Amino acid sequence: MKLPISWLKDFIDLDGLTVEDIARKLTLAGLEVDEILYAGLEMPVYKDGEKHEFKTNGLAWDKEKIVVAEIREVKAHPNADKLTLLDLFDGKQEQMVLTGAPNIFHLKGTGRLEKPIKVAYAKEGSTLYDGHAEGLQLMTLKRAKIRGVDSYSMVCSEKELGITDESDGIILLDDDAPVGMPLADYIGDAVLDISILPNMARNANVIGIARELAALTGRTLKQPQIELKTSGESVESSVAIEISNPELNPRFVLGLIRNVEIKPSPYQIQRRLKLAGVRAINNIVDATNYAMIELGEPLHAFDYDILKQRAGKKKIKIITRAAKDGEKLTTLDGVERKLTSMNVLVCDEKGSLSLAGVMGGSESEVYDASKEVLDAKGIEPKDGEMTQGKITSRGRSTVNVLLEGAAWNFINIRRTAKQHNLPSEASFRFSRGVHPALAETGVMRGLQYMAAWANGVVAPGLVDAYPLKPKDSVVEVTPKDVKRLLGIDLTAEEVSALLQKLEFKTEITKSGLRVTAPAHRMDIDEGMVGLADVLEEVARSYGFDNIPTTAIADALPPQVGNPVHEWEEHLRNLLVAAGLQEVVTYRMTSPERESRVTKHDEYVRIANPIAPERSVLRRSLLSSVLEVAEKNARAESVAMFEVGPIFEPVKNDLPNEPRRLAIVMTGARIVSAWDVKDSPRFDFFDLKGRIELLLAGLRFTDIVYAETVSQPHLHPGKSAEVKVNGQVVGVFGELHPLAKEKYEFGEAPVIVAEFNLEKLRGANPSYGITPVSEFPPIYEDIALILDESVAASTVEALIRQTGGKTVTDVRLFDVYRDEKIGAGKKSLAYSLTYQAEKTLTDAEAAAIRNKIVKRLENALGAKLRS
Amino acid sequence: MLDKLNEIEKTALESLSSIRDQAALDAWRVANVGRSSPLMQVFAEFGKLSKEEKPVIGVAANRVKVALESALEEKTQAVKNAALAKSLEEEKLDVTLPGREIKVGRLHPSTQQLRHVLAILAEMGFQVYTSREVETDEYNFQLLNFPPHHPARDMQDTIYVEAGERGDNPIMLRTQTSPGQIRAMREYSARNPNNPPPIRIASPGMCFRHEQITARSEIQFNQVEGLAVGKNITFADLKGTIADFVRRMFGEGARLRFRASYFPFTEPSAEVDVECFVCGGKGCQVCKNSGWLEILGCGMVHPNVLQNGGYDPKVYSGFAWGMGPERQLMLRNKINDIRYFWGNDTRFLEQF
Ligand SMILES: [Zn+2]
């Protein structure tokens, strides 16, 4: 909410507090000031090194140079039709001022004005916003010649002074503006932009903020003085109310004012409304808005004569009821709305008048016929007024106004405002809860302003239907509760004093005190929740800053680990040590995106997707990592992994969220440098080496790599299944050429892996080490010629099995194919390490070697290559 | 004979002085102290000398031999030094050439920050508790004291999942890690319903909001939430714990302030600001000239939430606080676009 400080001053004495002091106190108490916008008042100047406190914007008005002045005559410019020359008095001397302002143009050449026009006058050297520039550009007024006439000063628009972005006409001040007074002293202001939290909705009005500030500073809240002079027939004799469902409409109040004259509100009022972010329309509409921003009660003004016309000879009867499904209403924005039974309507006996608490209907709204005339003349009215002028043309302005103030069920209003996408100042307040007590005060305040600004006569009394009066919450609070939950020692009297500052009624009892919430509070419950509600107020009133900081005295719970989380963190460490970059990707994707590597029919589908390409939760982690790799494909070398969930749908229930690991590698094995060129590209065995490292790090020993079955996204000859302890835990290999084609990768093969982490984590690790022998090893190389079809893993397994524990290492160091060896044959060369718990002799080693060779010859048809 | 020896010495030393390399030195050795050198001839013919001459010539010849050998040794060292100096000169590198890049693996910055936060919390006795990312309305909102249609739901635009007609309990992507509070409390209280054990947990994880993806807003982000439940846990304890955490996280001198705030699942609630660590509180772009950075939200666990978790609010109390690791990284590193995190451009990731 935007709050002009000048308005706040109507209800609390702010002497001795700077704007920043006020903003700080409100911020710490939960009314966070996001920004301070200066519109005239002196701004703090931060010297170098001084601490700032708030985001600050706007303009201070120089007291010497910007003053209230009066225009005494509007003369024609000798050389320019669209400009005028003003005879102006600034309180000290007469000035000749040049202007192009359209809103005084009609006075050109009418001679000495009978009633001078009060304006905001800026002298040479003033700093203002440039009224003709885009956005906010500061400028300094300099002497210039415009069309042969000297110009050194100006009369200002709202934009030039930083009040609004309105630059079309100059500001026309109220008639009682004191000529010669610095403008900053007259209407200088600063606006606090305050975030209103859901539990602070009661403060979304000037009185609410003033009340908080009064409590925070120990000052007195000046209650609004509402006195109405009434005459004529009473409201009761003209209108009756019928509420069909008090749960939806606990209270409905009507007042009546006769013989109003619709015209613009006083400038002071318009200015405050504009600073508060509300458009100024006319004195009647402005009165409803002004009273709402001041007190928090949204009001609605009906054209009484329209209702009377509709009622015919009968007395007007206002009925509130739930809408019928399919019922229609044209709201005052000109939109015909189809209603549902969730919406509440204000009706008369002829039909619906307005959408309760959200928006009025067009037929019975307050009408300003002068806007019609403007339209007819072809002068473009201001934005928004155009619509107003065109909805109906009744030919005459509203004369008698029936003013509604009501209380509505906040959930209902919330749903209605959402359903019709109608966020408004009224629905903002009603949807967060407005206390029914405010309905009466609001109507009286609205009538008071209408009488003052539109010369109307208020009818005696109100019609007040109040079928559901809320109970004021009562909460028992003890000093023990305060100690137990806030950690501070306060007596019942001290707690009472803190709460009384916020208008709670308190009564000291034997155990502590009984607290009654004030009438404007709807956020205080009873019982345990009420206790928390009240203690929050005690803490705020005491000041969070004054509460000490202590260490938890309560026992520390038994320490338990999170094995799954810890295991995954270990996994990440191993992958990082293997040179892989971790990535984290979006959980949301689309079946089309995933279809490049995998096909699934069943997905967890998003009901309200952000975009079509994020319509489901992912089934494939590999797809996500491949997309990232593709995006980074320009890089010379890509080696990345992600650990995270995929989502498997379960009918009508929460999905499964199994964890997966995906790895993608492509590009150069070694990054090029000024003396390193043409590195080989990552291939199957680069990834396999990393997988071996990973599985060893996870302490698995029973690992088998086998040919894959049905992995259409992988190259059938360059892919493998990984089995740990006999169970498949993952697959890896080169991306199938047809799958790769669907991505924008370079020439290099793309190597991928995907692991099921539930299965991997489920496999039993085998801890333990191979002792490091003190005795010297014997190394020996053997080369074997074998059929192509014999798998290397089979050869190695046989060597190890035959060699027994004396063969401590078997290392394949060469794979060779040649004509001399023969077609369909290959040579595998192994380096063997023999070691035992004694010094082996060459003869002992040779004996084992011969055994191995014989076994390979017999079992695999191997031939020793000499 | 003595003259001859003097002549041998003089000639040898003269020829040695001009030698610059090892090859010439080897030749000189053969010529001057080798087996057939003039000096060695003197020794060979020693027997032919007279009795009187023998001692005199013997001493003199030995002196010349020693002199030549030590001159040779000295020269050998000098030639070696010169050769080394020359080769060192020739092997000089352009030390400004770039080093060879090592391709190392790295953790994603979010993981790094999560670990940092969780490590501090672990030392403070808060242990990692993880829970699911897709949640029911009940766990994500209702049990956390957001009834259906509550205004506080406006603060969290929600992504829903298609799951058939479920009335007031639709399925959604969690908007906060707080459903973990309920899951943890229920899990703990089930162990001993009559006297539930105290809780100190930290729940990290991905959360989701229905937003436009822009420099300032994302559809997914990590959150870490701390929760302490026990007997006599107070707001002052909350302040003390947060102060400890902030000191560890942002340094010894970090000033902080508690601002009253609102979250449906805590009461009283507060937001915690630290003095801007970029500008020291003087005002800068990062803190939007306010001098303060909002870093976490916290509060005393709401009685309804305790109740829903199986903890009697008349006996138990607790506090919770939540923060965003990505936000912390953005503030610390002046990252002005949140999309970097899930964009995964390696040029971004490799800077962490
Ligand atoms: Zn800063």
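What you see is a predicted model, and the numbers here were worked out from it, not measured in a lab. Naming: A, B, ... by sequence-line order, numbering from 1 per chain.
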### Task
Would you mind checking which part of Glu218(B) comes under 4.5 Å of any heavy atom in chain A, side chain (CB onward), backbone (N, CA, C, O), both or neither?
side chain
### Message
Which atoms of Ala553(A) are under 4.5 Å from chain B, going by heavy atoms: the side chain, the backbone, both sets, or neither?
### Response
backbone
## Note on the structure
When the 4.5 angstrom heavy-atom criterion is applied to Lys418(A) and chain B, the contacting part is side chain
### Message
Which residues pass the side chain to side chain donor-acceptor pair (under 3.5 Å) test with Thr266(B), not counting sequence neighbours?
### Response
Ser269(B)
### Query
Would the Phe341(B) and Phe348(B) ring centres measure less than 6.0 Å apart?
yes
### Query
Thinking salt bridges, do Glu627(A) and Arg618(A) make one under a 4.0 Å N-O criterion?
no
### Task
Look at Arg484(A), Arg605(A), Arg540(A) and state which one has the largest set of heavy-atom pairs under 4.5 Å with chain B.
Arg484(A)
#### Entry: Atom CZ of Phe221(B) with >12 non-hydrogen neighbours under 6.0 angstrom
yes
### Task
Answer with side chain, backbone, both or neither: which region of Glu133(B) has an atom nearer than 4.5 Å to a non-hydrogen atom of chain A?
both
### Task
Examine whether an atom of Pro197(B) lies under 4.5 Å from a heavy atom of chain A, and if so say whether it belongs to the side chain, the backbone or both; otherwise answer neither.
neither
### Message
Given heavy-atom pairs under 4.5 angstrom as the criterion, report whether the side chain, backbone, both or neither of Glu294(B) touches chain A.
### Response
side chain
### Message
For Val583(A), which atoms come within 4.5 Å of any heavy atom of chain B: side chain, backbone, both, or neither?
### Response
both
### Summary
So, the part of Arg132(B) with a heavy atom under 4.5 Å from chain A: the answer is both
### Residues Asn222(B) and Glu326(B): side-chain donor-acceptor under 3.5 angstrom
yes
### Message
Please classify the contact of Val305(B) with chain A as side chain, backbone, both or neither, using a heavy-atom distance under 4.5 Å.
### Response
neither
#### Entry: Stacked cation flag Arg587(A) on Phe208(B), 6.0 angstrom / 45 deg
no
### Task
Please flag which part of Phe319(B) lies under 4.5 Å from any non-hydrogen atom of chain A: side chain, backbone, both or neither.
side chain
### Message
Using heavy-atom distances under 4.5 Å, tell me whether Ile159(B) contacts chain A through its side chain, its backbone, both, or neither.
### Response
both
### Task
Name the region of Pro98(B), side chain, backbone, both or neither, that has any atom closer than 4.5 Å to a heavy atom of chain A.
both
### chain A contact via Pro303(B) - side chain, backbone, both or neither, heavy atoms under 4.5 Å
side chain
### Message
Please check: side-chain N/O of Arg106(B) versus main-chain N/O of Phe352(B), any donor-acceptor pairing under 3.5 Å?
### Response
yes
### Task
Return the set of residues passing side chain to side chain donor-acceptor pair (under 3.5 Å) with Asp545(A) (not counting sequence neighbours), or none when no residue passes.
none
### Query
By a 4.5 Å heavy-atom criterion (distance strictly below it), what part of Leu118(B) contacts chain A: side chain, backbone, both, or neither?
side chain
